[in-house]
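Order of appearance sets the numbers: ligands from 1, and atoms from 1 within every ligand.
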Amino acid sequence: MQAIVLVGGEGTRLRPLTDTVPKPALPLVDRPFLAYMIEWLGEHGVTEAVLACGFLPDQLREALGDGEHAGVALTYVVEPDRRGTAGAIRFAAEALGERLEDRFLALNGDVLTDLDLTALQRSHAERGARATLGLYAVEDSAAFGLVDCDAAGAVLAFTEKTGRAEPGAINAGAYVLERSVLDLIPAGRQVSIETEVFPRLVGDGLCALPLDGYWMDIGTPERYLQATWDILEGRVATAVLPTAPGLFVVAGGAVAESARIGPRAVVSAGCSVGSGAEVAGSVLLADCEVGEGARVHDSVLGAGTVVAAGAEVRGAIVGAHERVGAKR
Ligand code: GTP
């Protein structure tokens, strides 16, 4: 099975972290975010992941490398300009040409999940669908559009974000598509699969299947941090080995004995934390320096950030190689 993975977005909600690193290449605990996705795809029969890149493609390639990851062959396709979620699928499909299989998966590349893609593929085949969407049930759907289905799983309608904290089934960003769906995507311009393609397939072979498991779109700072704790506290199946529940500390020797790390923290390779400093509810990406007595709470520090002795960082996203000084 082939999977086209959309990894070309600008990740504006995670700026400034995503100024220099595309969202799918951002480290999440101990590996680039996209690595989790490829590992998950490999567990569900995917043998080739086609990475549909746009924004900062070289950084993405550097993070995952050429060849394969977890037994899944990696193919990179780079769009010359922004195509949107459907336009990117069409562009990648054209780049593959005859190599594209008649049925393939398409996925948003910014979701941490262990949903059952095998069940999604089975359901698609059994119903003879043209497209099948994976659905995820949430208690609070305020930030998402909803998908309504009949009892047999045919999609009836899409509802825009209501802004209300109601339970509902949302589009999980994981699709099985027949090649014929590509005919509905106009060439050479930005096209959204959610608003321009799927609505046209309602009543014409569009199905959906609710899936159980873990699902988190890591596109905002709060959700990036929540996904980190969910990995480190075992709420999602991954291959990560936490140092302790909620903790992942690589930089053993460079953390002063009197520093307080946690509850909940990631201290990546090359970081140092000075004596009396605190790091709590926070992620330090590689090579950060937290000075003596400094406090870092509920924040993400980009690689190479320096927090001066005695300085305080709270609820912040700090871009790579920034310097945070102490108040005078
Ligand atoms: P925000 O700017 O914070 O909304 O993030 P984003 O740019 O990633 O947009 P969004 O979360 O809506 O995108 C969902 C998924 O589609 C992400 O995995 C994006 O990388 C991807 N994506 C969005 N637009 C494009 C595009 O034009 N081309 C490609 N290849 N992928 C895209």
Atom indices of ligand 1 within 4.0 angstrom of K23 heavy atoms, with elements: 5 (O), 6 (P), 8 (O), 11 (O)
So is there a nitrogen or oxygen of P24 less than 3.5 Å from a nitrogen or oxygen in ligand 1? no
Yes or no: does G54 have any heavy atom under 4.0 Å from an atom of ligand 1? no
Which of the numbered atoms in ligand 1 are below 4.0 angstrom from a heavy atom of G109? 18 (O)
Look at the side chain of T159 and the backbone N and O of G145, then say whether any donor-acceptor pair between them is shorter than 3.5 Å. no
So which bit of L6 gets within less than 4.0 Å of ligand 1, heavy atoms only: side chain, backbone, both or neither? both
What do you reckon, does T85 have a nitrogen or oxygen under 3.5 Å from a nitrogen or oxygen of ligand 1? no
The protein heavy atom nearest to atom 19 (C) of ligand 1 is G9 N, 3.5 Å
Verify atom 3 (O) of ligand 1: protein non-hydrogen atom under 4.0 angstrom away: yes
Select one of side chain, backbone, both or neither to describe which atoms of A52 lie under 4.0 Å from any atom of ligand 1, heavy atoms only. both
Closest candidate by heavy atom, reference atom 27 (O) of ligand 1, pool P57, G84, G87, G219: G84
Atoms in ligand 1 flagged as close to R13, the criterion being non-hydrogen separation under 4.0 Å: 1 (P), 3 (O), 4 (O), 5 (O), 11 (O)
